[in-house]
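A, B, ... follow the sequence lines: proteins, then strands. Residue 1 opens every chain.
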Protein chains: 2
Amino acid sequence: MTVTTLHTPSHREALWELESAFDRGDLITVFGECSVEYEGRAASTLGLGNRLLVLKPDGSALVHTDEKRTPVNWQPPGSTHHAAVRDGRLRVRSERTSPDETLTVRFTAVHQLSAMGVTGGRDLEVTGSEADLRRRILEDPDLVEPGFEPTAVERDSAAGPMDVFGVDASGTAVVLELKRRRVGPSAVSQLARYVDAVAEEPDRDPDAAVRGILVAPSITDRAAELLADRGFEHVALEPPEPETPGAETKATDSAEAAEPKAETTEPEEPKAETTEPEAETLGTETASDDDEPIEADAPEPSGSASRESQQ
Amino acid sequence: MTVTTLHTPSHREALWELESAFDRGDLITVFGECSVEYEGRAASTLGLGNRLLVLKPDGSALVHTDEKRTPVNWQPPGSTHHAAVRDGRLRVRSERTSPDETLTVRFTAVHQLSAMGVTGGRDLEVTGSEADLRRRILEDPDLVEPGFEPTAVERDSAAGPMDVFGVDASGTAVVLELKRRRVGPSAVSQLARYVDAVAEEPDRDPDAAVRGILVAPSITDRAAELLADRGFEHVALEPPEPETPGAETKATDSAEAAEPKAETTEPEEPKAETTEPEAETLGTETASDDDEPIEADAPEPSGSASRESQQ
DNA sequence: GCCTAGGTCCCGTAA
DNA sequence: TTACGGGGCCTAGGC
């Protein structure tokens with residue numbers, strides 16, 4: 001693995017290294033004293049200070065201070081990086097079009113410049129998303145309510161696509177809005193938009209009701225009021241098992257669901273999903289182990305360092 | 001400025017340096033081959049690959065690949081960083097509570113480790129925000145429509161706080177929802193929530209109308225339909241500044257300082273709107289200069305480098 | 001701590 | 001390209 005590093009380089013030296021790093025497609029970090037300007041969708045200025053600039057080969061640019069997860073300034077992927085020496089400073093500029101945006105970083109001093117060849121390994125696997133929650137519901141629609149039958153996912157409406165659409169035990173249309181986490185008023189509005197759109201569809205009996213159900217781990221008080229005003233309902237449900245199944249079971253919210261689920265029997269054959277119903281335990285991991293047995297069990301064999309946050 | 005850098009250190013050496021860097025409150029970058037695990041609100045795994053790990057003294061942690069502006073994994077500020085050598089690997093772990101979340105980065109090889117003392121300079125000045133749009137409207141309410149009078153900002157309702165509340169020339173209540181950029185259906189829903197909440201306030205004449213106006217640079221077709229369905233209106237207006245109306249005028253700090261903002265301190269009570277709103281020309285720049293005269297005019301005196309995005 | 005909404009949101013997906 | 005909605009969103013401002 002090639003890593004090129006310059007310590008307190010002159011602007012010319014830094015410029016030269018940036019040039020070749022751009023050519024190599026390296027990931028670049030520049031640490032130094034700089035001011036930053038941005039102009040595009042908005043505009044901003046940032047006075048002199050020490051920051052870390054990261055330039056990625058895909059055109060991304062990040063300016064980080066010593067605080068916050070979000071960069072103080074940035075440029076999204078697809079931008080074009082330029083470097084030059086102007087007015088006695090090293091200027092790095094990242095530009096893009098549609099929208100036209102320019103990020104300019106002017107270094108009065110470069111403390112360190114590194115260029116690294118980075119390759120692949122971007123295959124992140126995530127669990128606990130709204131898609132996981134949807135899978136869970138499609139596999140066992142009774143979790144929403146006994147007799148619920150999903151008929152479509154992402155069904156389009158005049159107000160946009162609905163997460164899940166279906167009918168209840170009495171044949172009434174039901175719109176589900178799913179959220180992976182606790183939600184507020186905006187989720188109720190979103191649900192209302194879809195329900196209203198369905199209710200007004202021309203081929204529908206104007207007198208036929210359309211139910212709206214917000215499926216989320218929990219909702220705020222205000223959201224509950226708005227939900228009640230519209231005659232909508234809330235079903236407490238969350239994505240399956242982001243926490244490891246072994247220990248640390250946190251099904252605390254299940255109490256909110258209250259409704260004794262009449263045992264998760266064979267789903268009413270949800271047309272759209274004929275998968276084996278036993279998959280209700282989709283979160284199971286064979287031979288699950290605790291978080292890190294090797295490390296957790298081992299006594300400190302080689303020392304350890306820690307630091308407390310000081311915000 | 002102190003910068004400590006280790007090249008291809010042993011895990012023990014890296015651990016030692018991390019320890020002291022934590023103590024110093026340095027900003028740390030670690031570049032190497034690693035796998036990443038996250039567990040908390042969701043969970044994720046990332047296989048072996050070369051990445052850049054950034055550890056901030058405020059407890060933030062970022063794992064960056066060679067692509068995207070968003071880190072592939074991260075930890076927000078307030079987390080606590082730990083380092084240790086386990087199973088022949090350098091393990092960096094960042095944990096936080098409420099919610100409980102853990103980020104674990106295991107390095108099989110460290111190509112470079114740097115620690116930098118970063119100080120201050122976080123005073124970012126931004127223009128073009130929704131707050132700027134609101135200022136613009138409060139300074140000249142006629143931009144919304146002739147005779148409009150704002151009476152409150154962030155006025156609370158049963159559905160949440162409204163951006164601007166006021167009355168039109170005929171005395172009818174008006175709710176404004178402001179957006180700094182082009183908007184879709186969600187903004188219409190948001191406006192509808194507020195209008196409905198105001199309309200149902202007990203002390204209000206049930207027959208009295210409440211108007212809803214969406215103030216944004218533009219809206220999508222679907223948003224326009226939803227807006228029309230509800231009888232709401234759209235006023236095309238954007239924040240002052242970010243877009244360059246004339247010839248690349250970009251509000252240098254000097255111009256802003258020169259701007260007689262005088263008592264522009266939030267007319268909380270615009271009722272007494274007797275003042276002649278000469279501030280209508282708030283977008284004017286005195287002695288505007290082009291983007292960067294020194295650099296732009298100068299011919300390439302010292303070389304330049306550029307790189308095209310390759311995505 | 002929770003709630004509410006903005007953001008240069010970023011990002012993926014589909015039309 | 002635009003549109004639309006999810007996100008481990010993050011962040012700021014109230015309460």
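No salt bridge links D196(B) with R230(A); every basic N to acidic carboxylate O contact stays at or beyond 4.0 Å. With respect to the salt-bridge test (charged N to carboxylate O, under 4.0 angstrom), the residues E101(A) and R41(A) qualify. Contact check on R96(B) versus D58(B) returns no salt bridge, with no Lys/Arg side-chain nitrogen under 4.0 Å from an Asp/Glu carboxylate oxygen. With salt bridges taken as basic N to acidic carboxylate O contacts below 4.0 Å, one links E154(A) and R134(A). A salt bridge does not link K56(B) to E67(A): none of the charged side-chain nitrogens sits closer than 4.0 Å to a carboxylate oxygen.
Within the 4.0 Å cut-off from OP1 or OP2 of dC9(C), not a single side-chain nitrogen or oxygen of R69(B) is found. Between Y194(A) and dC4(D), a side-chain N or O to OP1/OP2 separation shorter than 4.0 Å is absent. Taking side-chain N and O atoms only, Q190(A) has no distance below 4.0 Å to OP1 or OP2 of dC4(D). An OP1 or OP2 oxygen of dG1(C) is reached within less than 4.0 angstrom by no side-chain nitrogen or oxygen of R182(A). The side chain of R181(A) contributes no N or O atom lying less than 4.0 Å from OP1 or OP2 of dG6(D). At the phosphate of dG8(D), neither OP1 nor OP2 sits under 4.0 Å from any side-chain N or O atom of S44(B). Residue W74(B) places at least one side-chain N or O under 4.0 Å from the OP1 or OP2 atom of dC10(D). Look at R41(A) and you'll find a side-chain N or O under 4.0 angstrom from OP1 or OP2 of dC9(C). Contact check, T220(A) against dT4(C): a side-chain N or O comes under 4.0 Å of OP1 or OP2.
Comparing dG8(D) with dT4(C), their P atoms sit 23 Å apart, to the nearest whole Å. Only the C1' atoms considered, dG5(D) is 15 Å distant from dG7(C), to the nearest whole Å.
At a threshold of 4.5 Å between non-hydrogen side-chain atoms, the residues D132(B) and R136(B) do not count as touching.
Side-chain proximity of P185(B) to the nucleotides dG5(D), dA5(C), dG8(D) is greatest for dG5(D). Taking every side-chain heavy atom of S129(A) into account, dG7(D) is the closest of dG6(C), dT8(C), dG7(D). Listed nucleotides dG6(D), dT1(D), dT8(C) differ in distance to K179(A); the shortest reach to its side chain belongs to dG6(D).
At least one donor-acceptor pair under 3.5 Å links the side chain of Y38(A) to the backbone N or O of A42(A). Remark: side-chain polar atoms of S157(B) are paired, donor with acceptor, to backbone N or O of A159(B) under 3.5 angstrom. Under the 3.5 Å distance criterion, the side-chain polar atoms of R222(A) are matched with a main-chain donor or acceptor of A158(B).
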Between protein and nucleic acid, restricted to nucleotides 12-15 of chain C and to nitrogen or oxygen atoms under 3.5 Å apart, what atom pairs and distances do you find?
| from | atom 1 | to | atom 2 | distance (Å) |
| --- | --- | --- | --- | --- |
| dG12(C) | OP1 | K68(B) | NZ | 3.1 |

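When heavy atoms are screened at a 4.0 angstrom cut-off, R193(A) is found touching the sugar-phosphate backbone but no base atom.
Taking A223(A) as the reference, V188(A), I219(A), T220(A) meet the side-chain contact (heavy atoms from CB on, under 4.5 Å) condition, with sequence neighbours excluded.
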- How does DNA chain D read in dot-bracket, base by base from 5' to 3', with Watson-Crick or G-U pairs under 3.5 Å and | used when the partner is on another strand? |||||||.|||||||
